[in-house]
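Just below is one structure, and these are the notes that go with it.
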Amino acid sequence: LQWSSPVEAMERFKSQEIWIAPPQFYELCRLCNFSSLSQLHKFSSQRALEGCERWMPVILNASDGHIQLLPGDELYPENPDYTGEKKILMSTDKKIEDVMKEGSVFHRIVIKNINNIAVYVNVQAKYKHLNPLVINSDCSHCNSRL
């Protein structure tokens, strides 16, 4: 077990030293909004009573990977399957690049392979939350010091 800052974890992921599941990758990108633990604490204390949103990613299988669609994305279904009972399957013969070129309203995690994850968000976060700062597994834009 080793403690890592969000930046260090992203660097270790990029070098394939560790693997980070897509939901945790997304949250690490959110943590990159903060340069200190005290900033994170202040933010979380201020927005604690704002509310939460239940998310259930919906998978869109493409010919060269898959996309986890999240609430607010233009392709996210109106009535997602929160229980797993409906077995909603979304797929396309298109490549991820083509799906991305056709869209304009994004809240998604793109997974080309186990070590190539990218987060695309251009929708407003609800409940005064923050969107991820870093949008791909290259953490060059991340300046967190946590």
Side-chain angles (χ1 to χ4, degrees), residues 1-62 64-86 88 90 92 95-146:
L1 184 64
Q2 178 181 348
W3 168 259
S4 296
S5 70
V7 172
E8 291 166 340
M10 294 293 203
E11 289 170 355
R12 293 178 68 206
F13 173 79
K14 184 179 176 187
S15 68
Q16 298 182 15
E17 185 180 337
I18 63 171
W19 180 73
I20 302 171
Q24 287 72 29
F25 183 87
Y26 184 98
E27 292 303 328
L28 280 172
C29 291
R30 272 190 182 177
L31 289 173
C32 286
N33 281 289
F34 306 99
S35 61
S36 69
L37 188 56
S38 62
Q39 282 185 344
L40 173 61
H41 184 268
K42 181 179 177 181
F43 169 78
S44 61
S45 296
Q46 289 175 342
R47 73 150 304 280
L49 300 176
E50 295 296 327
C52 295
E53 181 179 23
R54 178 174 56 176
W55 286 11
M56 177 60 71
V58 173
I59 307 298
L60 170 61
N61 291 310
D64 60 342
H66 62 275
I67 301 171
Q68 291 187 355
L69 304 169
L70 299 168
D73 191 282
E74 64 191 11
L75 297 177
Y76 194 77
E78 193 171 311
N79 295 309
D81 181 12
Y82 291 115
T83 63
E85 296 171 357
K86 297 178 191 173
I88 297 174
M90 295 178 67
T92 181
K95 291 186 174 196
I96 289 173
E97 182 180 351
D98 296 327
V99 173
M100 295 300 291
K101 284 180 184 176
E102 294 173 358
S104 63
V105 179
F106 299 138
H107 191 199
R108 54 184 72 168
I109 303 171
V110 174
I111 304 163
K112 292 188 178 179
N113 64 52
I114 195 166
N115 295 305
N116 188 339
I117 300 175
V119 177
Y120 296 88
V121 183
N122 63 9
V123 297
Q124 180 66 42
K126 290 185 178 180
Y127 305 108
K128 296 185 181 177
H129 225 303
L130 295 175
N131 283 332
L133 179 63
V134 179
I135 60 168
N136 60 44
S137 55
D138 174 7
C139 199
S140 60
H141 297 100
C142 188
N143 62 0
S144 174
R145 295 190 183 112
L146 286 179

Legend entry - His66 NE2 to Met90 CE distance, which is reported to the nearest 0.5 Å: 13.0 Å
Legend entry - Point-to-point distance, once rounded to the nearest 0.5 Å, from CG of Leu40 to CZ of Arg30: 11.5 Å
Legend entry - Heavy-atom donor-acceptor pair, Gln24 side chain to Ile20 backbone, under 3.5 Å: no
Inset, instruction - State, with a plain yes or no, whether a side-chain heavy atom of Ile111 is found less than 4.5 Å away from one of Asn116. - result: no
Inset, instruction - Provide the closest heavy-atom pair for Arg47 versus Tyr127 in the form atom of the first, atom of the second, distance. - result: NE-O, 3.1 Å
Legend entry - Short side-chain to backbone donor-acceptor contact, Asn122 and Phe106, under 3.5 Å: yes
Legend entry - Close side-chain approach of Ile59 to Leu69, heavy-atom, < 4.5 Å: no
Inset, instruction - May I ask you to decide if Asn131's main-chain N or O and Asn33's side chain share a donor-acceptor pair within less than 3.5 Å? - result: yes
Inset, instruction - Indicate yes or no for a side-chain donor-acceptor contact from Asp81 to the backbone of Glu85 under 3.5 Å, with no hydrogens or angles considered. - result: yes
Inset, instruction - Classify the angle between the aromatic ring planes of Tyr26 and Trp55 as parallel (below 30°), tilted (30 to 60°) or perpendicular (above 60°). - result: perpendicular
Inset, instruction - Give the C-alpha distance, both sets of side-chain angles, the deciding distance and a yes or no for side-chain contact (heavy atoms from CB on, under 4.5 Å) between Ile117 and Phe13. - result: CA-CA 10 Å; Ile117 300 175; Phe13 173 79; 3.7 Å; yes
Legend entry - NZ/NE/NH1/NH2 to OD/OE distance under 4.0 Å, Asp73 and Arg108: yes
Legend entry - Exceeds 12 heavy-atom contacts within 6.0 angstrom, atom CD of Glu97: no
Legend entry - Heavy atoms from other residues, nucleotides or ligands near NE2 of His129 exceed 12 (cutoff 6.0 Å): yes
Inset, instruction - Return yes if some donor-acceptor pair links the side-chain N/O of His107 with the main-chain N/O of Pro71 below 3.5 Å, else return no. - result: yes
Inset, instruction - State, with a plain yes or no, whether a side-chain heavy atom of Val58 is found less than 4.5 Å away from one of Gln68. - result: no
Inset, instruction - Examine distances only and state if a side-chain atom of Asp64 and a backbone atom of Ile96 form a donor-acceptor pair shorter than 3.5 Å. - result: yes
Legend entry - Salt-bridge criterion met for Glu11 and Lys14 (N-O under 4.0 Å): no
Inset, instruction - Answer whether the closest heavy-atom distance between the side chains of Ser45 and Lys42 falls below 4.5 Å. - result: no
Inset, instruction - Quick one: closest heavy-atom pair of His41 and Ser44, and the distance? - result: O-OG, 3.0 Å
Inset, instruction - Identify the heavy atoms of Pro80 and Pro77 that sit nearest to each other, and give their distance. - result: CD-O, 3.7 Å
Legend entry - Rounded distance [0.5 Å steps], SG in Cys32 versus CD in Glu27: 11.5 Å
Inset, instruction - Could you go through the side-chain contact (heavy atoms from CB on, under 4.5 Å) check for Ile67 and Val99 one step at a time? - result: CA-CA 9 Å; Ile67 301 171; Val99 173; 3.8 Å; yes
Inset, instruction - Taking all non-hydrogen atoms of both residues into account, name the closest pair between Val123 and Gly72 and its distance. - result: CG1-O, 3.6 Å
Inset, instruction - Determine yes or no for a side-chain-to-main-chain donor-acceptor pair under 3.5 angstrom, with Trp19 supplying the side chain and Ile114 the backbone. - result: yes
Legend entry - Atom pair CD (Glu53) and NZ (Lys126), whose distance is rounded to the nearest 0.5 Å: 4.5 Å
Inset, instruction - Verify, without hydrogens or angle tests, whether Glu74 (side chain) and Ser104 (backbone) share a donor-acceptor contact under 3.5 angstrom. - result: yes
Legend entry - Note, Asn61 side chain near Thr92 side chain (heavy atom, < 4.5 Å): no
Inset, instruction - Could you grab the distance from atom CE of Met10 to atom CG of Leu31, nearest 0.5 Å is fine? - result: 8.5 Å
Inset, instruction - Evaluate whether atom CD of Gln124 has more than 12 neighbouring non-hydrogen atoms of other residues, nucleotides or ligands under 6.0 angstrom away. - result: no
